[in-house]
Amino acid sequence: MVRIALDPTPYNDSVHLLDFPDLVARLGYEYLQLTPNPDFGRHFHHPKVDSAMIRTLRKRASDAGVTITSVLPVQRFSWPEEPQREAGVRNMKRYIRVAAELGAPVVNTEFSGRPEREEDSEAAFYRSMEELLPVLEQEGVTLNIDPHPDDFVEDGLEAWRIIRALDTPRVGFVYVAAHTFHYGDRAATLLPEVGERLGAVYAADSFDHHRSHGLRYISNPPGNAARVHQHLNIGDGDVDWSELFGTLKQIGYFDREDALIVSNVFAEDENADASAHHQLQRLRELVG
């Protein structure tokens, strides 16, 4: 069974955390991924929920008929500088326990680190995993990681190799469609290699920054190190959705009980409701 969840980031300024389940239900979704939010926890910060709020959120979700599938914190656990790495590990340990308390034993995240200090960042990543793996095991939580643009690893295949080297089913891969062109645009060959360790797929479109002689969109000054991508409605960019979903079908992802697809459009806040409806319809068509 494929679970299609909504990332409610576009509503962070207008909807309280505890109202997210009702919002998701109103938009026609049955599943919710909790993402950075002032009341839940911001990027690189300690989570802000306590046990009482977690209990209330679980009840609100149950009352709305919505299942919280996962949480998405972003922490600097691969940072080459030790104070930031230690803080990232401390925060992530708490997020893992929050996920367990929520009954949503999946944490989806990003590698972080710095691409210009790739070697130091990779070493920091493995050092952090030595501390986080026992907590994941203890709490029964799975951690899935996306090689986000501007992380110490951005190429999808190399990211999978780094995850594979941990040699544990507790850590898997997040495939973010909007990052396809930073991954190397290789869904048809990458996803079969990841196989059962594919923990989640995020669905939003993006332009291929390699097209038109690298001038698909322009960032000045020429040659700067900025990474640019979008999270657009499906169909508004260059992602090959037939290839991506055909590959997911080929590897049996849709047959898994834990299959998770998250709609994460961030470019349509002023049309958030219409965007959410569009995404749900298109994802159902693509899965079907």
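Since the structure is predicted, the reported quantities are computational estimates derived from the model, not experimental observations.
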| query | Under 3.5 Å, side chain of His45 to main-chain N/O of His43, donor-acceptor pair present? | reply | yes
| query | Side-chain donor-acceptor pair under 3.5 Å between Tyr11 and Asn37, yes or no? | reply | no
| said: How close do Leu6 and Ala276 get, counting heavy atoms only, and between which atoms? | reply: CD1-CB, 4.3 Å
| Does Glu122 come within less than 4.0 Å of Arg117, counting only side-chain N to carboxylate O? | no
| said: Is any side-chain heavy atom of Leu143 closer than 4.5 Å to one of Met129? | reply: yes
| field | Side-chain donor or acceptor of Glu257 paired with backbone N/O of Met1 under 3.5 Å | value | no
| said: Between Tyr253 and Asp258, do the side chains contain a donor N or O and an acceptor N or O under 3.5 Å apart? | reply: no
| message | Tell me whether Arg164 is salt-bridged to Glu193, with the criterion being a basic N under 4.0 Å from an acidic carboxylate O. | response | yes
| query | With a cut-off of 6.0 Å (strictly less than), are more than 12 heavy atoms of other residues, nucleotides or ligands near CG of Asp50? | reply | yes
| Ser78 and Asp151, any side-chain heavy atoms less than 4.5 Å apart | no
| field | Polar side-chain atom of Arg76 near backbone of Glu81 as donor-acceptor pair, under 3.5 Å | value | no
| query | Hey, are the side chains of Ile261 and Val2 touching, using non-hydrogen atoms and a 4.5 Å cut-off? | reply | yes
| Leu286 versus Ile234: any side-chain heavy-atom pair under 4.5 Å? | yes
| Heavy-atom side-chain proximity of Leu102 to Leu34 below 4.5 angstrom | yes
| request: Could you label the plane-to-plane angle of the Phe125 and Phe152 rings as parallel, tilted or perpendicular, counting under 30° as parallel and over 60° as perpendicular? | output: tilted
| query | Heavy atoms, side chains only, cut-off 4.5 Å: are Leu57 and Phe20 in contact? | reply | no
| message | Would Arg161 and Glu158 count as a salt bridge (charged side-chain N to carboxylate O under 4.0 Å, His left out) here? Give the steps. | response | CA-CA 5 Å; Arg161 289 169 177 150; Glu158 183 59 23; 3.2 Å; yes
| field | Contact summary for Thr69 and Ala5, nearest pair of heavy atoms | value | OG1-CB, 4.1 Å
| request: Can you establish whether the number of heavy atoms outside Asn224 located under 6.0 Å from its atom CG is more than 12? | output: yes
| request: Check the pair Val89 / Leu132 against side-chain contact (heavy atoms from CB on, under 4.5 Å), numbers first and verdict last. | output: CA-CA 7 Å; Val89 169; Leu132 292 175; 4.1 Å; yes
| Electrostatic pair Glu139-Arg97, nearest N-O below 4.0 angstrom | yes
| query | Would a hydrophobic clustering, with Ile, Leu, Val, Met, Phe, Trp and Tyr connected at side-chain separations under 4.5 Å, put Tyr31 with Val15? | reply | no
| So, are Asp63 and Lys59 salt-bridged, with charged N and O less than 4.0 Å apart? | yes
| remark: With Val171 as partner, the option from Thr142, Leu133, Asn144 fulfilling side-chain contact (heavy atoms from CB on, under 4.5 Å) is Leu133
| task | Run the numbers on Asp155 and Tyr183 for side-chain contact (heavy atoms from CB on, under 4.5 Å), then give the verdict. | result | CA-CA 4 Å; Asp155 179 86; Tyr183 287 172; over 6 Å; no
| remark: Distance col, row Thr35:OG1 vs Arg42:CZ, nearest 0.5 angstrom, shows 14.0 Å
| Quick one: do Lys48 and Asp39 make a salt bridge, cutoff under 4.0 Å? | no
| query | Under a 4.5 Å side-chain heavy-atom rule over Ile, Leu, Val, Met, Phe, Trp and Tyr, are Val265 and Leu32 clustered together? | reply | no
| field | Shortest non-hydrogen contact between Val153 and Pro147, atoms and distance | value | O-CB, 3.3 Å
| Is there a side-chain contact between Ile163 and Phe111 (heavy atoms, below 4.5 Å)? | yes
| request: Given side-chain contact (heavy atoms from CB on, under 4.5 Å), test Val66 with Glu30 step by step and report yes or no. | output: CA-CA 5 Å; Val66 167; Glu30 299 177 49; 5.9 Å; no
| Would the number of heavy atoms belonging to other residues, nucleotides or ligands and lying under 6.0 Å from CD of Glu119 be above 12? | no
| query | Just by distance, with hydrogens left out, do Thr180 and Tyr175 show a side-chain donor and acceptor under 3.5 Å apart? | reply | yes
| request: Indicate the atoms forming the closest heavy-atom contact of Thr109 with Pro73, along with that distance. | output: OG1-O, 2.7 Å
| query | Between Trp241 and Phe245, what is the ring plane arrangement, given parallel below 30°, perpendicular above 60°, and tilted in between? | reply | tilted
| Can any side-chain N or O of Asp205 pair as donor or acceptor with the backbone N or O of Gly237 at less than 3.5 Å? | yes
| message | For the NZ atom on Lys249, are there more than 12 heavy atoms of other groups (residues, nucleotides or ligands in this structure) within a distance under 6.0 Å? | response | no
| message | Less than 6.0 angstrom separating the ring centers of His229 and His179, yes or no? | response | yes
| field | Closest heavy-atom pair and its distance - Ala272, Pro10 | value | CB-CB, 4.1 Å
| Heavy-atom closest pair, residues Glu196 and Arg256 | O-NH1, 3.5 Å
| To the nearest 0.5 Å, how far apart are OG1 in Thr247 and CG in Leu190? | 10.0 Å
| request: Could you grab the distance from atom CG of Leu27 to atom NE2 of His277, nearest 0.5 Å is fine? | output: 5.0 Å
| task | Please answer whether the main-chain N or O of Arg58 pairs with a side-chain N or O of Ser62 as donor and acceptor at a distance below 3.5 Å. | result | no
| message | Can you tell me how far apart CE (Met53) and CD (Glu101) are? Round to the nearest 0.5 Å. | response | 13.0 Å
| task | Report yes or no: do Gln33 and Asn108 form a side-chain donor-acceptor pair below 3.5 Å? | result | yes
| message | I'd like to know if Arg114 and Asp150 make a salt bridge, using a cut-off of under 4.0 Å between side-chain N and carboxylate O. | response | yes
| Can you hop from Trp79 to Tyr126 via hydrophobic side chains spaced under 4.5 Å? | no
| message | Just verifying a value: how many Å separate Ser112 OG and Arg85 CZ, rounded to the nearest 0.5 Å? | response | 11.0 Å
| pair Leu260-Ile4: side-chain heavy atoms closer than 4.5 Å | no
| query | How about His209 and His182: are their ring centres within less than 6.0 Å of each other? | reply | yes
| message | Let's go through Trp160 and Ile145 carefully: what are the C-alpha distance in whole Å and the side-chain angles of both, what is the deciding distance for side-chain contact (heavy atoms from CB on, under 4.5 Å) to 0.1 Å, and is it a yes or a no? | response | CA-CA 9 Å; Trp160 164 237; Ile145 311 176; over 6 Å; no
| query | Are Leu136 and Val71 in one and the same hydrophobic cluster, where Ile, Leu, Val, Met, Phe, Trp and Tyr link if side-chain heavy atoms are under 4.5 Å apart? | reply | yes
| said: Side chains of Ser275 and Asn233: any donor to acceptor distance under 3.5 Å? | reply: yes
| message | Can you tell me how far apart CG (Leu72) and CZ (Phe40) are? Round to the nearest 0.5 Å. | response | 9.0 Å
| request: Inspect the surroundings of CD in Glu116 and state if more than 12 heavy atoms from other residues, nucleotides or ligands are less than 6.0 Å away. | output: yes
| field | Side-chain donor-acceptor contact under 3.5 Å, Tyr95 with Gln75 | value | no
| query | Is there a path from Val141 to Val174 through hydrophobic residues (I, L, V, M, F, W, Y) whose side chains come within less than 4.5 Å of each other? | reply | yes
